[in-house]
Number of protein chains: 2
Amino acid sequence: MFLSGQGQQNVSSGNLACLVNAKASQIRKDFSYFGAFGTPGVGYDINKLIRQIRRILNLGDVRKAALVGVGNLGSAILAYPGFRMYGFDIAAAFDSDPKKVGKKISRVTIESTSNLRTLRKRKIHLAILAVPRDAAQRVADLLVEAGVKGILNFSPLRVVVPKKIKVITIDIAMELARLPYYMPAR
Amino acid sequence: MFLSGQGQQNVSSGNLACLVNAKASQIRKDFSYFGAFGTPGVGYDINKLIRQIRRILNLGDVRKAALVGVGNLGSAILAYPGFRMYGFDIAAAFDSDPKKVGKKISRVTIESTSNLRTLRKRKIHLAILAVPRDAAQRVADLLVEAGVKGILNFSPLRVVVPKKIKVITIDIAMELARLPYYMPAR
DNA sequence: CTATGTGAATTTATTCACAGCA
DNA sequence: TGCTGTGAATAAATTCACATAG
């Protein structure tokens, strides 16, 4: 994205370090845990590096994900270009509002949440939860029932699921709350 | 939020630990870095604990924040109840689209981005960046010029700012990309 | 010469375990 | 008795420093 555009073919650990600001030795050590794929005196081949990272993160092939809750946040997520970049395809969208069901947003037709049970059959194992907080736990339960293995949770609620299921929660207000800690006076 | 509702008056480090799943000793050690405010044999007074944490995070008083970019994501943020909970007040919203300017969403009237320069006068030092990636750097520059000290950046772009300015970037697709790493087979 | 990969040294974080307070 | 606060012990992460490959 930054580097692969064109121009350079290689990056050194030093370059990468300052890009994410860290120490060069950190970069090399981290990579070394996953095997050696740099060239002494030259650096890392950018394309090879990208392939390695995709492998490490299990991003080998495109993964299907389901979006639940097509409100403002959900719509933003559907429109977000970044997902494709990381190998994700939002292949289904669900909402409980009958007025939205059947509408098409960003090439995806919104389905009723009563269809969630079809996820297993459709081999969709990732879900993005963007429903109001009151509905979050209930929907999470449905997702687990439908065979989902990982949930990206945007509701400001700690959903509880069997521990086989991986949940990543993003509470955007909590992120904002980190800012003042680093800021000058008040 | 979870605890202060009613019922219990105190929490033990053990309670807190399992709530966020960590070890009890971790909780106690962490708190101890900021002074001792628990009662042996009893635990932590919930209200005192909340006050302490607010103090530690510099969340003493309500802080004004500006939202730039009132698309789907921006609208979701405006509607998000969580911000008030952490002491933030989204006091202004900006968009470059003339059709949106003047509209009111969640009690905030959308202003033209040419008004960004007024932020300093209005003592707004935090901004939430929810504009398309192409506009992100340009807007960030304007924000810095307008005296903003902290930016919560939702665009999938590494904005560059003077290092006095604190930026927290949330790339939601990158968060999703962490999921498969923890998941079973592929 | 330049930049990697990696043991060894150092720093930082976590956990243990227990003295002492309510 | 029950739980805090904290030194001491352990574990983990970061940084150094250098032998080695291109």
Side-chain angles (χ1 to χ4, degrees), chain A residues 1-58 158 163 166-169 174-175 177-178 181-182, chain B residues 1-58 158 163 166-169 174-175 177-178 181-182:
Chain A
M1 325 77 148
F2 306 111
L3 304 158
S4 61
Q6 70 290 326
Q8 297 307 313
Q9 177 81 17
N10 298 282
V11 231
S12 71
S13 53
N15 296 160
L16 288 169
C18 95
L19 205 59
V20 299
N21 58 331
K23 299 282 196 299
S25 58
Q26 184 72 75
I27 301 280
R28 294 202 302 279
K29 178 70 79 179
D30 286 357
F31 285 175
S32 78
Y33 289 133
F34 299 100
F37 37 81
T39 313
V42 179
Y44 299 91
D45 177 278
I46 292 174
N47 291 310
K48 188 189 286 186
L49 186 54
I50 290 172
R51 281 199 307 278
Q52 292 296 324
I53 292 173
R54 294 181 66 84
R55 179 182 56 77
I56 293 165
L57 293 176
N58 287 339
R158 170 169 290 278
K163 61 178 173 307
K166 176 71 185 175
V167 177
I168 290 181
T169 295
M174 184 175 267
E175 298 292 335
R178 285 162 48 198
Y181 179 73
Y182 299 104
Chain B
M1 328 75 147
F2 305 112
L3 304 159
S4 61
Q6 71 291 325
Q8 296 307 313
Q9 176 80 16
N10 297 282
V11 230
S12 71
S13 53
N15 296 161
L16 288 168
C18 97
L19 206 59
V20 300
N21 56 338
K23 299 282 195 300
S25 58
Q26 184 73 75
I27 301 280
R28 293 201 304 277
K29 178 70 80 178
D30 286 356
F31 285 174
S32 79
Y33 289 132
F34 298 100
F37 36 81
T39 312
V42 179
Y44 300 91
D45 178 278
I46 292 175
N47 291 309
K48 188 190 285 184
L49 186 54
I50 289 172
R51 282 200 307 278
Q52 292 296 323
I53 292 173
R54 294 181 67 86
R55 178 182 56 77
I56 293 165
L57 293 176
N58 286 340
R158 170 170 291 277
K163 62 178 173 306
K166 176 72 185 174
V167 178
I168 290 181
T169 295
M174 183 174 267
E175 298 291 334
R178 286 162 48 197
Y181 179 74
Y182 297 105

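A, B, ... follow the sequence lines: proteins, then strands. Residue 1 opens every chain.
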Query raised in the report: After noting the C-alpha distance and the side-chain angles of B:Asn15 and B:Leu19, does the key distance pass the side-chain contact (heavy atoms from CB on, under 4.5 Å) rule?
Result: CA-CA 6 Å; B:Asn15 296 161; B:Leu19 206 59; over 6 Å; no
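Qualifying ring-ring contact (aromatic ring centres under 6.0 Å, His included) partners for B:Phe37, counting only residues two or more places apart in sequence or in other chains: B:Phe31.
Rounded to whole Å, the distance from CG on A:Leu16 to P on C:dA3 is 13 Å. Between B:Gln52 atom CD and D:dT4 atom P the separation is 15 Å, expressed in whole Å. Atoms CG (A:Asn10) and C1' (D:dA21) sit 15 Å apart, rounded to a whole Å. In this entry the distance linking CG of B:Asp45 with P of D:dC3 reads 16 Å, nearest Å. Summarising the geometry, the separation between CZ on B:Phe31 and P on D:dT4 is reported as 10 Å, rounded to the nearest angstrom. Taking atom CG of residue A:Leu49 and atom P of nucleotide C:dT4, one finds them 11 Å apart after rounding to whole Å.
From B:Lys48, atom NZ reaches atom OG1 of B:Thr39 across 5.5 Å, with rounding to the nearest 0.5 Å. Atom CG of B:Leu16 is separated from atom CG of B:Asn21 by 12.5 Å, given to the nearest 0.5 angstrom.
Residues B:Arg28 and B:Ser13 approach most closely at NH1-OG, 3.3 Å, considering heavy atoms. The nearest pair of heavy atoms linking B:Asp45 to B:Gln9 is OD2-NE2, 3.2 Å.
An OP1 or OP2 oxygen of D:dG2 is reached within less than 4.0 angstrom by no side-chain nitrogen or oxygen of B:Tyr44. The shortest distance between the side-chain N/O atoms of B:Thr39 and the OP1/OP2 oxygens of D:dT4 is not below 4.0 Å.
In this structure, the nucleotide among D:dG22, C:dT4, C:dT6 sitting nearest to the side chain of A:Ser32 is C:dT6.
A:Phe34 comes within 4.0 angstrom of no nucleic acid atom, judged by non-hydrogen atoms across all strands.
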Report summary line: In 5'-to-3' order, the base (B), backbone-only (S) or no-contact (-) status of each nucleotide in nucleotides 10-18 of chain D, using a 4.0 angstrom heavy-atom cut-off, is ----BBBB-
